[in-house]
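Take a look at the structure below.
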There are 2 protein chains.
Amino acid sequence: MKSPLNTLSLKSLEAFRAIIETDSATAAAKSLGITQPGVSRLLASFEEHVGFALFYREKGRLFPTEEALALYKEVELTLQGAERIALLAKNIFNSDLGWLKIVAPNSFIAGPLADVVTDFLRLHPKVKISLDTHTPAAARELVAHRSVDCGFIQLPENHPGLLVEPVLSGITVCALSPQHPLASQDQISIHDLRNEPLILLGKGRYSRTQINSLFGQANISMQIKLETHTVAIACSFAKRNLGIAIVNEMLAGQYAADDLVLIPLVPALTYEYGFITSSHAPMNRLTTAFFKHCLQSFTGAQ
Amino acid sequence: MKSPLNTLSLKSLEAFRAIIETDSATAAAKSLGITQPGVSRLLASFEEHVGFALFYREKGRLFPTEEALALYKEVELTLQGAERIALLAKNIFNSDLGWLKIVAPNSFIAGPLADVVTDFLRLHPKVKISLDTHTPAAARELVAHRSVDCGFIQLPENHPGLLVEPVLSGITVCALSPQHPLASQDQISIHDLRNEPLILLGKGRYSRTQINSLFGQANISMQIKLETHTVAIACSFAKRNLGIAIVNEMLAGQYAADDLVLIPLVPALTYEYGFITSSHAPMNRLTTAFFKHCLQSFTGAQ
DNA sequence: ATCACCTTATAACATATTGTTATTGAGTTA
DNA sequence: TAACTCAATAACAATATGTTATAAGGTGAT
């Protein structure tokens, strides 16, 4: 015998417990959903394992010995432990448990992610989520090093430690006050923007580069009135007619209202966001469930 | 599935724990004393039971998922529980554990039982014993009703609720002071006791009846000087030369010394003591162990 | 590149465990 | 006595668990 558990089995323990609790092998069999001879033999094998009789047989019935009653407590505890394992496994299987850490741009959280996360938490009531915002560079590292479970980031993205799944794309729009002369057009061309005061954001980022090169190719100089870092701020100044903000429609959508109109820019400039996880280990179940939920929400609701 | 434990087995749990702890299926196999394919399959069956992967396979090796680490704690606790069962069973098997309740006459405890109990406690260090004295009638009932585990009682005994095993017999002796004229004889006949002041005990008990009928048959009247209830008291008066005490040698042996001699009475009158337990249920292991120990001590040492 | 040496997984098979049904024997009850 | 209940056992089927042999992939040293 290498280990004291070699011949011990959970079934024997269950049978033993059931006999103690029902005072009969026949009743135990019923409660376990097996037949009486099965219970008799499971008991015999447990008795053989411990090396002494657990019940004395009298008048064709079973009566627990003192030893059996002494063992019963421990057996009960162990079986409860085993049941906890099964329950925990079930919760994990249903992704009903855990702490999901997500990193995403602030405006992405306030915009497309808000409803998705809300729904996900409703579907998995015991799950906790932490949502943080960092610079794209920091976000990449946090995800790659698995300090967080997943993130959303603007594409393209080719960090070697990341797995990237495109999840959402949107167009670039001009956000402007209804009072603005261009506000009645159903699209705004790049040429319309010549000499218009602009509100731009994301200096140094890919999307900004795209805009820059668009103007460059059309040989139009940009009249930058204000540079900022968030879509919310850009929109709030556009609303005050300080100029025209060039923003991601997906993120600006939440600010469109009576005092702010969004008009597509031509030529179209698409933004694409990706779901990122570490390539060093596969997604855990909760992250996988969240990813699927995102795909469904984004493609279904789009 | 009637129960969540249906396909769960301790072996799977052990394999899972061993893999987590050794970081490899090969090492786990070694630590479990089985082969690596066996471990692989036990793991596969556990993964099938929980319904999701517990390790991800990369570069031909196993790496635990977050889910596996979450389960590990519970698994560890449950296996420790199972090991406690095995340990407890072993202790019970060795009769190393428990509380043994014994009832016996006071002089029997102080006499033959003293060394036996001492030895037994040395052999089973974790065992606790309670030793009580009651009237024979009370002792019978206590044992029969299983308020105590066993007892010693003078035979014959035919209470229907008792199992009786004779364990010890001894002869009747006269206890007297060395100054007494009869003290130099190597035996004392019943006729020698005519007109001798006697110290007798156990009025109404079987052994006293025996003595009475012995004198009756020899047509000798008894000169009873003192009646008492314990051998110790009878001997202490005999020591003071108040008279001759007629006592059980087995019980009086402990008082024999320079100032008290024990001389066999003829015709011989034997005392017999029995070990009694309840006939309503078999002896538990500890009681059985104690009984065997008594038999060995009494027959071996006699 | 090739070789030796790791790893894990799988196939094929032997044995043990765990379930089944049918039956027996013992005890209780009408 | 007949009808019932309970536990044990035999005989068998299915499953679990072990084995050995082998495959497939990664690592590291020639």
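Quick note on labels: first sequence line is chain A, next is B, and so on, each numbered from 1. Basis for what follows: all heavy atoms, side chains included, without hydrogens, waters or symmetry-related copies.
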Worksheet item: Which residues satisfy the side chain to side chain donor-acceptor pair (under 3.5 Å) test with B:Glu47, sequence neighbours excluded?
Response: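 Scan of B:Glu47 (side chain to side chain donor-acceptor pair (under 3.5 Å), adjacent residues dropped) gives B:Arg57.
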Practice prompt. With sequence neighbours excluded, tell me which residues meet side chain to side chain donor-acceptor pair (under 3.5 Å) with A:Ser24.
Written response: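 Per chain and number, A:Ser24 pairs via side chain to side chain donor-acceptor pair (under 3.5 Å) with no residue.
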Output yes when at least one side-chain N/O atom of [X] is less than 4.0 Å from OP1 or OP2 of [N], else no.
| X | N | value |
| --- | --- | --- |
| A:Ser24 | D:dA7 | yes |
| A:Ser40 | D:dA8 | yes |
| A:Ser9 | C:dT18 | yes |
| B:Arg57 | C:dA9 | yes |
| A:Thr35 | C:dT20 | yes |

Worksheet item: Touch check for B:Thr26, heavy atoms < 4.0 angstrom, all strands: base, sugar-phosphate only, or nothing?
Response: base
Practice prompt. Please indicate whether A:Gln210 has more than 12 foreign heavy atoms, meaning atoms of other residues, nucleotides or ligands, lying under 6.0 Å from its CD.
Written response: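 Yes - once you tally the heavy atoms of other residues, nucleotides and ligands closer than 6.0 Å, there are more than 12.
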Suppose we screen for side-chain contact (heavy atoms from CB on, under 4.5 Å). Which residues come up paired with [X], at least two apart in sequence or across chains?
| X | value |
| --- | --- |
| B:Ala70 | A:Ile92 |
| A:Thr287 | A:Leu100, A:Asp149, A:Cys150, A:Phe275, A:Thr277, A:Met283, A:Asn284 |
| A:Leu123 | A:His293 |

Item to complete: Mark yes or no for a side-chain to base donor-acceptor pair under 3.5 Å between A:Arg41 and C:dG19, with no hydrogen or angle criteria applied.
Response: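 Yes, the side chain and the base share a sub-3.5 Å donor-acceptor pair.
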Value in whole Å for how far the [atom2] atom of [N] lies from [atom1] of [X]:
| X | N | atom1 | atom2 | value |
| --- | --- | --- | --- | --- |
| B:Leu43 | C:dT7 | CG | C1' | 14 Å |
| B:Leu32 | D:dT19 | CG | P | 10 Å |
| B:Lys11 | D:dT19 | NZ | C1' | 14 Å |

Practice prompt. Would you indicate which nucleotide in C:dG19, C:dA9, C:dT8 comes nearest to any side-chain atom of A:Leu42?
Written response: C:dG19
Could you go through nucleotides 21-27 of chain D and list every protein N or O atom that sits under 3.5 Å from one of its N or O atoms, giving the distance for each pair?
none

